[in-house]
Colleague: 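Quick one: the structure is below, questions incoming.
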There are 2 protein chains.
Amino acid sequence: MLSIGEMARRTGVKVPTIRYYEQMGLIEEAERSEGNQRRYTRRDLERLTFIRHARDLGFEIDMIRELIALNQHPEAPCENADRIAAVHLSGVREKIEKLKKLEHELERIVSHCDGGHRIEDCYVIRALSDHGLCDHEH
Amino acid sequence: MLSIGEMARRTGVKVPTIRYYEQMGLIEEAERSEGNQRRYTRRDLERLTFIRHARDLGFEIDMIRELIALNQHPEAPCENADRIAAVHLSGVREKIEKLKKLEHELERIVSHCDGGHRIEDCYVIRALSDHGLCDHEH
DNA sequence: CGTAAAGCTCTAGTGTCTAGAGATATTATG
DNA sequence: CATAATATCTCTAGACACTAGAGCTTTACG
């Protein structure tokens with residue numbers, strides 16, 4: 001049986017975060033020691049590793065809850081898991097696209113300003129005040 | 001003089017958000033009508049447009065506060081504005097890099113799964129359970 | 001057995017809004 | 001001018017995914 005600190009060390013999930021996941025229903029309430037401290041099984045460790053990994057990949061708590069639920073039915077077809085991951089992937093791609101546009105806009109703004117003049121002439125400030133100086137919509 | 005609703009329509013910032021910005025000190029407390037409703041000037045509109053635009057470009061509230069402060073000193077040199085924007089730009093680039101790694105990981109995971117088999121064999125689920133199936137560190 | 005480290009619960013805070021309740025103000029229509 | 005519809009007011013709480021701290025108890029180790 002593992003203490004919560006052991007779990008934290010092995011998964012890289014911080015102790016308060018583990019308790020938070022329990023509250024959120026991502027992990028089951030652990031057994032307790034005589035003195036009321038949480039004691040985890042190997043299965044709990046696997047579950048937390050799964051969660052950690054999914055969070056690293058940017059899955060939201062709700063998505064993870066769904067994936068866990070799917071995981072409990074090993075004989076079910078896996079279309080749903082596939083769909084969740086695919087939806088997530090397209091969300092990530094959208095974010096990348098948005099950030100790239102933003103990157104270009106900022107590059108353009110910054111490149112016009114070498115820091116060598118006064119605020120009233122600064123392209124950074126002017127670009128923020130006047131949408132007309134932008135390339136794209138946003 | 002513009003009502004808060006007018007301001008919202010013209011800038012695309014929602015009404016409660018405008019009040020929130022006031023609370024956060026991003027915009028000055030507006031004058032009030034006899035019946036205690038906010039009344040804004042053209043200058044307030046410009047300020048809110050600036051904020052909106054900066055938020056769209058992903059600047060955080062604190063950065064915007066700094067930029068506004070700079071904007072109040074038109075004769076000062078603009079190095080600081082330039083620096084803030086440049087720091088922000090490199091933050092955006094980092095985010096893009098991270099998301100791209102994530103994209104590749106997800107692509108790889110999803111491409112292994114066509115939804116046509118059972119959960120117990122599903123690559124999506126297995127990849128989440130077993131870090132060893134990943135390409136990169138994360 | 002004494003102490004330090006780790007654990008417990010509970011509350012509150014982070015950042016950027018968003019939503020709702022219940023009251024008042026303004027505007028439009030008849 | 002009366003009424004109805006819309007807008008606005010303040011205040012509180014909620015969303016997300018944690019994080020921090022207070023004050024107390026349990027466990028591990030020498």
Side-chain angles (χ1 to χ4, degrees), chain A residues 1-27 29-40 44-45 47-48 50-68 88 91-92 95 98-99 102 138, chain B residues 1-27 29-40 44-45 47-48 50-68 88 91-92 95 98-99 102 138:
Chain A
M1 301 295 268
L2 306 169
S3 70
I4 197 168
E6 262 298 305
M7 292 281 277
R9 236 167 326 98
R10 297 216 200 176
T11 59
V13 178
K14 289 185 190 148
V15 168
T17 305
I18 297 176
R19 291 196 275 249
Y20 169 74
Y21 287 160
E22 180 183 303
Q23 241 190 301
M24 294 299 101
L26 281 194
I27 53 184
E29 296 199 7
E31 280 182 59
R32 298 296 180 119
S33 73
E34 283 198 14
N36 197 37
Q37 299 192 353
R38 289 170 180 82
R39 292 293 176 258
Y40 294 96
D44 292 327
L45 180 63
R47 162 84 62 105
L48 187 56
F50 181 99
I51 294 168
R52 168 78 216 254
H53 197 171
R55 285 295 299 139
D56 276 351
L57 290 173
F59 286 89
E60 285 163 20
I61 300 286
D62 279 350
M63 287 171 151
I64 297 175
R65 224 192 304 271
E66 281 188 72
L67 288 170
I68 288 172
H88 180 46
V92 168
K95 271 187 205 152
K98 275 197 190 156
L99 282 173
L102 222 153
H138 47 216
Chain B
M1 300 295 267
L2 306 168
S3 70
I4 197 168
E6 262 298 303
M7 291 281 278
R9 240 173 328 98
R10 297 216 201 179
T11 60
V13 178
K14 288 184 191 149
V15 168
T17 306
I18 297 175
R19 291 196 276 249
Y20 168 74
Y21 287 159
E22 180 184 302
Q23 239 189 304
M24 293 300 101
L26 281 194
I27 54 184
E29 298 199 7
E31 280 183 60
R32 299 295 181 118
S33 72
E34 283 197 15
N36 198 37
Q37 299 192 353
R38 290 168 180 82
R39 292 293 177 259
Y40 294 96
D44 293 326
L45 180 64
R47 163 84 62 104
L48 187 57
F50 181 100
I51 294 167
R52 169 77 215 255
H53 197 173
R55 285 296 298 140
D56 276 350
L57 290 173
F59 286 89
E60 285 162 21
I61 300 284
D62 279 350
M63 287 169 152
I64 296 175
R65 223 192 304 271
E66 281 188 72
L67 288 171
I68 287 173
H88 179 46
V92 168
K95 271 187 204 151
K98 276 197 188 154
L99 283 173
L102 222 153
H138 47 215

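For the numbers below, each heavy atom of this structure counts, side chains included, while hydrogens, waters and symmetry mates do not. The chains referred to below are lettered A, B, ... by the order of the sequence lines, with proteins before strands, and numbering in each begins at 1.
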Colleague: Within the structure, does a side-chain N or O atom of B/Arg65 lie under 4.0 Å from either OP1 or OP2 of C/dG15?
Modeller: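 No, outside the criterion.
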
Colleague: Salt bridge or not for A/Arg38 and A/Glu22, using N-O below 4.0 Å?
Modeller: yes

Colleague: Reading DNA chain D from 5' to 3', where do the contacts with chain B start and stop? Cut-off is 4.0 Å to heavy atoms.
Modeller: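 Going 5' to 3' along DNA chain D, contacts run D/dT8 to D/dT10.
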
Colleague: Rounded to whole angstroms, how far apart are CE on A/Met7 and P on C/dC8?
Modeller: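 From A/Met7 CE to C/dC8 P: 11 Å.
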
Colleague: Figure out the CD/P separation between B/Glu31 and C/dA25, and round it to whole Å.
Modeller: 19 Å

Colleague: Base, sugar-phosphate or nothing for A/Arg55? Non-hydrogen atoms, less than 4.0 Å.
Modeller: sugar-phosphate

Colleague: Counting the atoms with a prime plus P, OP1 and OP2 as sugar-phosphate, which does A/Arg38 contact under 4.0 Å by heavy atoms, base, sugar-phosphate, or nothing?
Modeller: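 Answer is sugar-phosphate: A/Arg38 comes under 4.0 Å of backbone atoms only.
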
Colleague: Does CD in A/Glu31 sit with more than 12 non-hydrogen atoms of other residues, nucleotides or ligands closer than 6.0 Å?
Modeller: no

Colleague: Verify, without hydrogens or angle tests, whether B/His88 (side chain) and B/Leu57 (backbone) share a donor-acceptor contact under 3.5 angstrom.
Modeller: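 Confirmed, B/His88 side chain pairs with B/Leu57 backbone.
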
Colleague: Taking only N and O in the side chain of B/Thr17, is any of them less than 4.0 Å away from OP1 or OP2 of C/dT18?
Modeller: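 Yes, B/Thr17 has a side-chain N/O under 4.0 Å of OP1/OP2 on C/dT18.
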
Colleague: Just the rounded figure in Å: distance from P of C/dT11 to CZ of A/Arg19.
Modeller: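 Distance check: A/Arg19 CZ to C/dT11 P gives 15 Å.
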
Colleague: Expressed as a whole number of angstroms, how long is the span from B/Gln23:CD to C/dT16:P?
Modeller: 14 Å

Colleague: Measure CD/B/Glu60 against P/C/dT14 and give the value in whole Å, please.
Modeller: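 The answer, rounded to whole Å, is 15 Å.
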
Colleague: By nearest heavy atom, map B/Asp62 and B/Asn36 onto DNA chain C; which one lands nearer the 5' end?
Modeller: B/Asp62

Colleague: Using five pairs at each end of the helix from C/dC1-D/dG30 to C/dG30-D/dC1 to define an axis, what is the angle between those two axes, to 10°?
Modeller: 10°

Colleague: Is it true that B/Asp44 and B/Arg47 have a side-chain N and a carboxylate O under 4.0 angstrom from each other?
Modeller: no

Colleague: Which nucleotide, C/dC17, C/dC8, C/dT26, lies nearest any side-chain atom of B/Arg39?
Modeller: C/dT26

Colleague: Return no unless some side-chain N or O of B/Lys14 is found under 4.0 Å from OP1 or OP2 of C/dT18.
Modeller: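 Yes, within the criterion.
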
Colleague: Looking only at heavy atoms, what is the nearest atom pair of B/Tyr40 and B/Ala30, with distance?
Modeller: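 For B/Tyr40 and B/Ala30, the tightest heavy-atom pair comes out as CE2-CB, 3.4 Å.
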
Colleague: Looking for any heavy atom pair under 4.0 Å, which part of the strands does B/Arg32 touch: base, sugar-phosphate only, or nothing?
Modeller: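 Counting heavy atoms under 4.0 Å across all strands, the contact made by B/Arg32 is with sugar-phosphate only.
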
Colleague: Might you point out which heavy atoms bring A/Asp56 and B/Leu102 nearest each other, and give the distance in Å?
Modeller: O-CD1, 4.2 Å

Colleague: Atom OH of B/Tyr20 and atom P of C/dG15: how far apart are they, to the nearest Å?
Modeller: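 Checked: the OH to P distance equals 8 Å.
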
Colleague: Between B/Glu60 and B/Arg55, is there a salt bridge with N-O shorter than 4.0 Å?
Modeller: no

Colleague: Might you point out which heavy atoms bring B/Val15 and B/Gly5 nearest each other, and give the distance in Å?
Modeller: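 So the two residues come closest at CG2-CA, 4.2 Å.
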
Colleague: Using side-chain heavy atoms (C-beta onward) and a distance below 4.5 Å, is B/Met7 in contact with B/Val13?
Modeller: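 Contact flag for B/Met7/B/Val13 side chains = no.
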
Colleague: Please state how far atom CD1 in A/Ile18 lies from atom P in C/dA6, giving the value in whole angstrom units.
Modeller: 14 Å

Colleague: So how far is it from A/Leu67 CG to A/Phe50 CZ, rounded to the nearest 0.5 Å?
Modeller: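 If we round to the nearest 0.5 Å, A/Leu67:CG and A/Phe50:CZ are 5.0 Å apart.
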
Colleague: How many Å lie between CD on B/Gln37 and P on C/dT26, as a whole number?
Modeller: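 One finds 5 Å between P of C/dT26 and CD of B/Gln37, rounded.
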
